[in-house]
S.K.: 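Structure incoming, see below.
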Amino acid sequence: MIIEHENSEKININAFQDDLISWFKAEQRDLPWRKDQDPYKVWVSEIMLQQTRVDTVIPYFNRFIEWFPTIDDLANADEDKVLKAWEGLGYYSRVRNLQFAVKEVREKYNGEVPNTPKEIAELKGVGPYTAGAILSIAYGLPEPAVDGNVMRVLSRILLIWEDIAKTSSRKTFEQAVRDLISHEDPSSFNQALMELGALICTPTSPSCLLCPVREHCQAFFEGVHEELPVKTKKKKTRDVQLAATVLTNSAGKLLIHKRPSNGLLANLWEFPNVEIYHNLQNEREEVANLFSQELHLNTQLDRIIGQIEHVFSHLVWNIKVYIGTLSDDFQESEDWKLVSFKEIEDFAFPVSYQKMFQMYKNFLEE
DNA sequence: GATCCGTGGGT
DNA sequence: TACCCAAGGAT
């Protein structure tokens, strides 16, 4: 067990802060959420950046702020439109929690993002990392913001051999940051640790020769920078078999369904589908029976037009894609809608069903 | 503490 | 190909 306080004392803290922050101020990337310190925009960017690359986030951030420039705009927006703004980013509960929390800020804090650790951490979707990020970046408070970058960078600089995959080890790194953080510029310090992790102190083959804090790095000194951080692997995904169908009525409209409000891809839209638990004998017929029994859809399935594999973080969907016809007496409801090719663009679909719709359009062109 | 929750890019 | 990973949080 490494005692983090002793490790922090092994380096010259003031020199470390200066080298790190000077490098950050000279080399930091020009990112849209760095144009000002509006707590709302900092908040949005931090939620988007959770488990998501900077390059992926940039266009989403710009459009999101365009659509919802202020807390009021987001609080008043329809959730369907909010999800559409997030479409393709993944982890969709992030944005539903964000909108929920923004409403709380409007009502409880008069529209001002709170600036105390206790109050901000109570907001839905704001965990220890995001709380520290907002407090330091938007409000200049010396709070730790420990993400994967920070754990990787500090595990090397301070020679910390704890398994960063364990949730319990975050506290070790938070204490290390409290020991090291600049009280003159907590914002630059925290961002610099993450920027260093993203640009220099990368997971594989770090650019140590370009590193501004190499002379403070114990792992480099010991020659073990490639062995850190220690991180145990996670388990494999499991496979799920689905049958999904594009159903059209005689007017050429497509049937879509809104997913339940919790669990995987909550409140996003999809094409009608059922899970297949066993191998089926007469597949097309038995799938039609499942649509009838489970979804109360009486349909004729014409044929399979293809197959889609979609990989999630924790499972894999194998989707057999059918086409079929829907009788004209079908009754729409809140979560079952008939839409035209133009109208479908306004609904948020997960990428798996975007792939399926593209497959259908390609089929029609042949 | 373990699992759920997305997606696209890198090696 | 089959991993691994990226500014995590909720349950």
Side-chain angles (χ1 to χ4, degrees), chain A residues 24 28-29 31-34 41-61 83 86-98 100-101 120-138 144-153 163-171 173-174 177 187 189-199 201-205 229 231-238 240 259-268 270 309-317 348-355:
Chain A
F24 175 69
Q28 65 170 301
R29 291 167 290 181
L31 300 173
W33 46 90
R34 286 180 175 163
K41 284 187 250 177
V42 172
W43 186 4
V44 169
S45 73
E46 292 303 338
I47 300 297
M48 282 192 173
L49 287 162
Q50 288 170 7
Q51 302 291 288
T52 311
R53 290 183 148 74
V54 165
D55 289 342
T56 303
V57 166
I58 290 171
Y60 281 93
F61 176 82
L83 283 171
W86 211 266
E87 182 185 49
L89 249 193
Y91 289 140
Y92 298 94
S93 67
R94 288 184 295 176
V95 78
R96 297 204 304 130
N97 289 339
L98 175 62
F100 184 93
I120 203 162
E122 286 175 355
L123 298 172
K124 207 163 192 176
V126 177
Y129 162 75
T130 304
I134 297 172
L135 289 169
S136 60
I137 297 172
V146 174
D147 71 338
N149 286 310
V150 172
M151 289 195 282
R152 181 173 61 257
V153 169
D163 180 0
I164 67 168
K166 298 193 172 205
T167 47
S168 59
S169 59
R170 193 193 71 247
K171 290 198 171 302
F173 292 92
E174 284 176 346
V177 171
S187 170
F189 182 88
N190 279 343
Q191 292 187 77
L193 280 181
M194 294 187 276
E195 196 83 343
L196 189 70
L199 300 180
C201 195
T202 47
T204 58
S205 54
K231 188 176 186 181
T232 53
K233 313 181 201 299
K234 45 185 166 186
K235 308 196 321 180
K236 291 178 185 171
T237 57
R238 72 169 203 280
V240 174
R259 294 175 59 85
S261 59
N262 48 43
L264 183 64
L265 304 168
N267 282 1
L268 272 72
E270 65 186 0
E309 180 182 90
H310 188 79
V311 179
F312 295 88
S313 48
H314 59 303
L315 53 85
V316 178
W317 275 359
F349 284 80
V351 170
S352 50
Y353 290 107
Q354 293 177 37
K355 290 180 191 168

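Just so we're on the same page: letters track the sequence lines, and every chain starts at 1.
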S.K.: Distance check, P atoms only: B/dG6 and C/dC3, in whole angstrom units.
M.R.: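 About 22 Å, rounded to a whole number of Å.
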
S.K.: Say we look at C/dA6 and B/dG1: how far apart would their C1' atoms be, to the nearest angstrom?
M.R.: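 Comparing C1' positions in C/dA6 and B/dG1 gives a spacing of 23 Å.
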
S.K.: Would a 4.5 Å heavy-atom cut-off, applied to side chains only, mark A/Asn190 and A/Val177 as touching?
M.R.: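 A/Asn190 vs A/Val177: side chains touch.
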
S.K.: Find out whether A/Arg152 and A/Pro229 are in side-chain contact, i.e. whether some heavy atom of one side chain is under 4.5 Å from a heavy atom of the other.
M.R.: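 They are in side-chain contact.
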
S.K.: Think A/Arg152 has a side-chain N or O under 4.0 angstrom from the OP1 or OP2 of C/dC5?
M.R.: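 For C/dC5, OP1/OP2 do not have a side-chain N/O of A/Arg152 under 4.0 Å.
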
S.K.: Rounded to whole angstroms, how far apart are CZ on A/Arg170 and C1' on C/dG9?
M.R.: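 About 10 Å, once rounded to whole Å.
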
S.K.: Within a strict 4.5 Å, meaning less than it, do heavy atoms of the A/Leu31 and A/Val54 side chains meet?
M.R.: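 Yes, their side chains come closer than 4.5 Å.
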
S.K.: Between A/Arg94 and A/Glu46, is the closest basic N to carboxylate O distance under 4.0 Å?
M.R.: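 No, A/Glu46 and A/Arg94 are not salt-bridged.
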
S.K.: Once the angle between the rings of A/Trp317 and A/His310 is folded into 0 to 90°, is it parallel (under 30°), tilted (30 to 60°) or perpendicular (over 60°)?
M.R.: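 Tilted: the ring planes of A/Trp317 and A/His310 meet at 30° to 60°.
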
S.K.: State, with a plain yes or no, whether a side-chain heavy atom of A/Lys355 is found less than 4.5 Å away from one of A/Val351.
M.R.: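 A side-chain contact under 4.5 Å exists here.
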
S.K.: Of all residues at least two apart in sequence or in a different chain, which pass the salt bridge (Lys or Arg N to Asp or Glu O under 4.0 Å) check with A/Arg53?
M.R.: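 Scan of A/Arg53 (salt bridge (Lys or Arg N to Asp or Glu O under 4.0 Å), adjacent residues dropped) gives none.
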
S.K.: Please list, in numerical order, the residues of residues 126-136 of chain A that have a heavy atom closer than 4.0 Å to any atom of DNA chain B.
M.R.: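 None - not one residue of the stretch has a heavy atom sitting under 4.0 Å from the strand.
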
S.K.: In whole angstrom, give the distance that lies between atom NZ of A/Lys231 and atom C1' of C/dC3.
M.R.: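 One finds 13 Å between C1' of C/dC3 and NZ of A/Lys231, rounded.
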
S.K.: Return whichever of A/Arg34 or A/Asn97 has its heavy-atom-nearest nucleotide of DNA chain C closer to the 5' end.
M.R.: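 So the residue in question is A/Arg34.
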
S.K.: NA contact type, A/Arg259, heavy-atom cut-off 4.0 Å: base, sugar-phosphate, or nothing?
M.R.: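 No contact.
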
S.K.: Report yes if the distance between the aromatic ring centroids of A/Trp33 and A/Phe61 is under 6.0 Å, otherwise no.
M.R.: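 Between A/Trp33 and A/Phe61, the centre distance is under 6.0 Å.
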
S.K.: What does nucleotides 2-11 of chain B look like as a protein-contact string, B for base, S for sugar-phosphate only, - for none, at under 4.0 angstrom between heavy atoms?
M.R.: -SSBBBB---

S.K.: By nearest nucleotide on DNA chain C, pick out whichever of A/Leu123 and A/Leu49 is the more 5' one.
M.R.: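 Nearest-nucleotide comparison on DNA chain C picks A/Leu49.
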
S.K.: Check the distance between C/dG8's P and A/Trp86's CH2 and give it to me in whole angstrom.
M.R.: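 Atom-to-atom, A/Trp86 to C/dG8, this comes out as 13 Å.
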
S.K.: Give one of base, sugar-phosphate or nothing for A/Trp33, where a contact means two heavy atoms less than 4.0 Å apart.
M.R.: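 Answer is base: heavy atoms of A/Trp33 come under 4.0 Å of a base.
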
S.K.: Taking everything shown except A/Arg29 itself, do over 12 heavy atoms lie less than 6.0 Å from its CZ?
M.R.: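 Atom CZ in A/Arg29 is crowded, with more than 12 foreign heavy atoms closer than 6.0 Å.
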
